[in-house]
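Side chains included, hydrogens not; waters and symmetry mates left out as well; all remaining heavy atoms used.
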Amino acid sequence: YLARAQALSAARTNAAVRLGETITGFMHQLGMGGGQFAVALSPLDADEAGPGGIDRIEFQVSANPGQPLAPLARVASGGELSRIGLAIQVATAECGTVPTLVFDEVDVGIGGGVAEIVGRLLRRLGSDRQVLCVTHLPQVAAQAHHHLKVSKHALDGRTYTQIQLLDRTDRTEEIARMLGGTEITQKTRAHADEMLERSG
């Protein structure tokens with residue numbers, strides 16, 4: 001057991017460095033420049049060792065330059081957790097077997113070019129599994145393979161939620177609405193159409 005567990009520890013140590021570097025790279029792409037991700041390994045007490053080996057594994061993060069690494073659950077905000085989660089999913093996509101991933105507003109606190117990168121990474125994940133993403137950003141929505149519009153309406157004192165699958169024309173209108181607000185101009189539509197064309 002100890003020989004196998006020690007071999008597993010050595011493999012984990014090598015993988016931890018590579019995984020930390022890869023996820024850190026994705027964090028920088030996702031607007032967390034200067035952030036860092038690391039996988040910390042420490043030995044378990046002899047009575048804690050079991051089928052999972054002899055290591056305690058902890059994900060650590062520094063969300064901003066100059067901050068020390070600390071446990072992920074204690075230091076990251078909701079938006080940061082979403083983006084770090086996306087970075088982990090993209091970095092480990094070829095290893096995972098989860099058929100469906102759900103991201104709820106993974107784009108909180110970002111915009112512009114970073115939002116487009118988030119959209120591209122989500123699209124990349126969606127090439128070999130189902131990805132559902134709630135977003136209010138047109139840069140993210142334009143990267144989707146399919147677009148569902150969720151809306152609420154009240155009837156007889158009750159609130160109902162409606163989900164509508166959008167076709168290409170409706171997608172242009174919805175992305176134009178996301179770009180331009182209440183008044184949609186031909187320029188806004190043209191911009192929305194261009195975003196959809198560029199996403200492929």
Side-chain angles (χ1 to χ4, degrees), residues 1-110 113-135 137 140 143-146 200:
Y1 170 82
L2 282 176
R4 294 286 181 95
Q6 286 163 354
L8 176 61
S9 289
R12 280 176 171 160
T13 299
N14 290 332
V17 172
R18 292 194 316 273
L19 183 63
E21 290 172 351
T22 302
I23 292 173
T24 296
F26 282 120
M27 285 171 60
H28 293 175
Q29 289 182 45
L30 294 169
M32 299 179 72
Q36 184 182 359
F37 184 91
V39 181
L41 300 174
S42 57
L44 290 169
D45 294 335
D47 61 337
E48 294 179 297
I54 55 176
D55 305 304
R56 177 176 290 108
I57 302 168
E58 181 178 67
F59 287 174
Q60 297 182 335
V61 69
S62 168
N64 300 297
Q67 289 182 335
L69 288 164
L72 176 62
R74 283 203 318 229
V75 296
S77 69
E80 289 168 343
L81 277 174
S82 293
R83 279 181 273 167
I84 293 166
L86 175 58
I88 291 170
Q89 291 296 338
V90 174
T92 61
E94 294 179 3
C95 309
T97 58
V98 177
T100 302
L101 300 171
V102 180
F103 293 96
D104 185 10
E105 299 191 19
V106 69
D107 46 30
V108 169
I110 61 170
V114 175
E116 189 171 339
I117 291 167
V118 168
R120 286 184 196 156
L121 292 177
L122 288 166
R123 185 178 179 88
R124 186 163 125 190
L125 275 178
S127 63
D128 57 4
R129 71 196 67 208
Q130 184 180 46
V131 175
L132 301 174
C133 177
V134 178
T135 184
L137 292 181
V140 174
Q143 295 291 328
H145 294 99
H146 303 284

Residues which pass salt bridge (charged side-chain N to carboxylate O under 4.0 Å, His left out) with Arg120, listed by chain and number, not counting sequence neighbours: Glu116

Side chain to side chain contact (heavy atoms under 4.5 Å, CB included) evaluation trace for Thr135 with Leu122: CA-CA 11 Å; Thr135 184; Leu122 288 166; over 6 Å; no

Contact summary for Glu58 and Pro71, nearest pair of heavy atoms: OE2-CG, 3.5 Å

Sequence-distant partners of Ser62, side chain to side chain donor-acceptor pair (under 3.5 Å), two or more places apart: none

Sequence neighbours excluded, every pair satisfying salt bridge (Lys or Arg N to Asp or Glu O under 4.0 Å) that has a member inside residues 22-32: none

Shortest non-hydrogen contact between Gly31 and Val114, atoms and distance: N-CG1, 3.7 Å

Between CG on residue Leu30 and CD1 on residue Ile84, distance to nearest 0.5 Å: 9.5 Å

Within residues 2-17 or reaching into it, pairs that qualify as side-chain hydrogen bond (donor to acceptor under 3.5 Å, both in side chains) - sequence neighbours excluded: Ser9-Asp55, Arg12-Asp55

Residues forming a side-chain contact (heavy atoms from CB on, under 4.5 Å) with Thr24, sequence neighbours excluded: His28, Gln36, Phe37

Residue pair Gly52 / Leu8: nearest heavy atoms and the distance that separates them: O-CD2, 3.8 Å

Rounded distance (nearest 0.5 Å) linking atom CE of Met32 with atom CD1 of Ile23: 11.5 Å

Non-neighbouring partners of Val134 that pass side-chain contact (heavy atoms from CB on, under 4.5 Å), sequence neighbours left out: Asp104, Glu105

Residue pair Ile54, Tyr1: steps toward the side chain to side chain contact (heavy atoms under 4.5 Å, CB included) verdict: CA-CA 10 Å; Ile54 55 176; Tyr1 170 82; 4.0 Å; yes

Criterion side chain to side chain contact (heavy atoms under 4.5 Å, CB included) against Leu121, the qualifying member of Ile117, Val118, Leu125: Ile117

side-chain contact (heavy atoms from CB on, under 4.5 Å) partners of Arg56, counting only residues at least two apart: Ser42, Leu44, Glu48

side-chain contact (heavy atoms from CB on, under 4.5 Å) partners of Ala7, counting only residues at least two apart: none

Residues in side chain to side chain donor-acceptor pair (under 3.5 Å) contact with Glu21, at least two apart in sequence or another chain: none

With sequence neighbours excluded, residues passing ring-ring contact (aromatic ring centres under 6.0 Å, His included) with Phe26: none

Audit row: Thr100, Arg129, side chain to side chain contact (heavy atoms under 4.5 Å, CB included) steps and yes/no: CA-CA 6 Å; Thr100 302; Arg129 71 196 67 208; over 6 Å; no

Partner residues of Arg124 under the salt bridge (charged side-chain N to carboxylate O under 4.0 Å, His left out) criterion, sequence neighbours left out: none

Met27 vs Arg83 side-chain heavy atoms within contact, under 4.5 Å: no

With sequence neighbours excluded, residues passing salt bridge (charged side-chain N to carboxylate O under 4.0 Å, His left out) with Arg18: none

